[in-house]
Amino acid sequence: MRLTLILLFLQLWGNVEFSLSQNVCSKLPDVPHAFISEDTQKEEYQPGNVIHFTCDIGYVSGPTIRYVCTDQGWHVLFQGACNLKPCELPDDTPNGYYEIIKGEDFVFGATIKYFCNQGYQMVSKDDTRTCLLDRWTNHVPICDHITCALGEVHPRLTVTGLPAANETMKVGHQLRFRCDDQYTLEGPEVVECLQSGQWSKAFPTCSDKCKVTGVSPTTVASLQNNYKARQGQIIQFRCLNTWSGHVLHGNATIKCLAGGEWSDSFPTCGPPAGCKRPPHLTNGDTVGSSRSQYQHNERVQYTCQNLYIMEGTGYKTCNNGQWKGEIRCLKPCTVNSETMSRHNIRFRYGHEEKLYAPHNGGLTFKCIEGTRPVHPARMRRFCVDGVMDLPTCL
């Protein structure tokens with residue numbers, strides 16, 4: 001019995017010793033992103049066995065990482081690390097640039113994205129590239145000019161700034177518009193190609209109607225703002241605050257003309273304006289000296305030169321900045337011997353060589369000896385604003 005126990009103890013001791021020597025290299029070294037190469041891989045490792053590590057796909061280590069099994073465990077023969085494999089620098093794209101959007105450097109698995117410069121747009125389907133083992137995915141994207149297409153042009157529009165054949169309209173390109181005669185431009189005069197590839201505003205059109213815009217709030221108009229009047233249509237204006245003494249500045253009536261133009265500017269309302277120095281009267285002058293400034297409703301009296309006849313009231317009145325009142329000095333007529341000799345006549349009464357007749361004044365003539373009047377009943381003639389039709393004798 002005692003012998004049996006001794007033999008059993010010796011057998012157990014041997015197993016423990018064998019187990020310890022067998023498990024000293026059972027725990028393999030930890031090398032991140034690597035695995036043991038197939039040719040050095042074993043089910044069990046004994047002292048003296050060497051293992052090589054191979055990096056995972058996408059990782060590199062430089063010299064091979066090696067460990068040797070010893071009685072004390074694994075010993076490093078060459079220690080290293082598996083790092084991500086570097087990539088070649090990606091190609092640039094003309095008129096654009098790229099940025100890393102995944103990863104921190106140009107290594108395996110990194111992804112970059114391409115962007116276009118101002119005024120350019122991406123025309124490629126893919127704008128990203130990813131670093132693989134030996135190349136970058138996809139082709140280098142292409143950035144092309146952003147262009148604006150020509151919109152619908154009204155048949156009455158004339159466009160300035162259109163490109164030559166086979167040329168495009170890039171960002172910043174401008175077009176100018178105007179309408180044919182007799183038409184009015186409705187919309188912008190200038191549009192510009194934007195970064196979005198769209199025009200800054202819709203193209204204008206041409207209209208033969210007059211648009212009512214900018215009517216002063218102090219006026220009352222027969223047509224309201226934004227109304228489009230037909231050719232020949234008339235707008236009438238009056239002041240809203242007549243109780244305050246405000247008057248209309250401008251024409252009270254304007255008409256829509258051909259081509260969408262108004263006959264005059266829209267009037268406004270406000271206090272009546274004064275007048276500057278009164279206008280000059282041909283063959284006349286003001287009574288007394290004139291001033292450089294007059295108030296609304298002040299009037300100035302005029303007089304005509306000697307032998308000139310006043311037509312009108314003789315006054316001009318300051319009315320909201322304008323002098324009102326029709327005045328003129330009608331000319332007298334002068335008849336002399338030289339003029340009469342061409343008609344074979346002379347004065348019937350007296351022997352004067354020259355006589356004056358005021359406007360509407362008359363002179364009587366007779367034929368010189370040996371001649372007869374062409375119209376005997378019309379030997380008395382009257383002055384009409386400096387003109388007298390003399391009779392003729394033959």
Side-chain angles (χ1 to χ4, degrees), residues 14-147 168 170-171 195-197:
N15 289 340
V16 169
E17 183 179 3
F18 175 76
S19 176
L20 290 174
S21 64
Q22 179 183 21
N23 294 331
V24 70
C25 291
S26 61
K27 185 176 181 181
L28 297 174
D30 181 22
V31 179
H33 308 296
F35 58 92
I36 299 174
S37 63
E38 185 177 352
D39 58 340
T40 62
Q41 190 175 22
K42 300 178 180 295
E43 292 185 4
E44 295 181 357
Y45 295 93
Q46 302 296 329
N49 291 151
V50 176
I51 57 174
H52 296 174
F53 280 88
T54 301
C55 292
D56 293 339
I57 295 176
Y59 290 82
V60 292
S61 64
T64 303
I65 301 171
R66 301 187 301 277
Y67 285 80
V68 62
C69 180
T70 67
D71 293 338
Q72 288 77 36
W74 291 103
H75 175 73
V76 176
L77 294 178
F78 183 84
Q79 187 173 16
C82 289
N83 299 311
L84 286 170
K85 181 181 180 182
C87 295
E88 293 184 356
L89 288 177
D91 295 326
D92 292 322
T93 183
N95 308 311
Y97 60 95
Y98 57 76
E99 293 179 356
I100 298 176
I101 62 172
K102 180 183 176 182
E104 297 181 355
D105 204 350
F106 297 118
V107 293
F108 178 80
T111 300
I112 59 173
K113 183 174 182 177
Y114 285 81
F115 302 88
C116 294
N117 294 336
Q118 184 91 3
Y120 293 83
Q121 61 184 346
M122 186 71 63
V123 296
S124 299
K125 178 181 178 182
D126 299 313
D127 60 358
T128 60
R129 304 181 75 194
T130 299
C131 177
L132 301 182
L133 288 175
D134 56 352
R135 63 183 177 85
W136 289 91
T137 60
N138 302 327
H139 295 289
V140 177
I142 297 175
C143 291
D144 200 0
H145 283 288
I146 295 175
T147 59
T168 57
K170 304 177 180 67
V171 173
Q195 183 75 21
S196 61

Whether over 12 other heavy atoms sit under 6.0 Å from Leu133 CG: yes
So NZ of Lys102 and OG1 of Thr130: to nearest 0.5 Å the spacing works out to 7.0 Å
key: Check: Tyr67 ring centre within less than 6.0 Å of His75 ring centre   = no
Here the gap from Phe53 atom CZ to Asp30 atom CG, rounded to the nearest 0.5 Å, amounts to 8.0 Å
message = Please check if the number of heavy atoms outside Gln79 that lie under 6.0 Å from its CD is greater than 12.
response = no
**Side chains of Thr137 and Leu132 in contact at under 4.5 Å (non-hydrogen atoms)** = yes
Worksheet item: Within the distance-only criterion (no hydrogens, no angle test), does the side chain of Thr40 pair as donor or acceptor with the backbone N or O of His52 below 3.5 angstrom?
Response: yes
Value for CD (Gln41) from CD1 (Ile51), rounded to nearest 0.5 Å, stands at 9.5 Å
Correct closest heavy-atom pair for Pro141 and Arg129 would be CD-CD, 4.5 Å
More than 12 heavy atoms from other groups under 6.0 Å of CD1 on Ile142: no
- Message: Please check: side-chain N/O of Asn138 versus main-chain N/O of Thr128, any donor-acceptor pairing under 3.5 Å?
- Response: yes
Closest non-hydrogen atoms of Met122 and Tyr114, given as atom of the first, atom of the second and distance, are CE-O, 3.5 Å
Query - Parallel, tilted or perpendicular, as decided by the 30° and 60° cut-offs, for the rings of Tyr97 and Phe115 - result: parallel
Check: Gly119 main-chain N/O paired with Gln195 side-chain donor or acceptor under 3.5 Å
yes
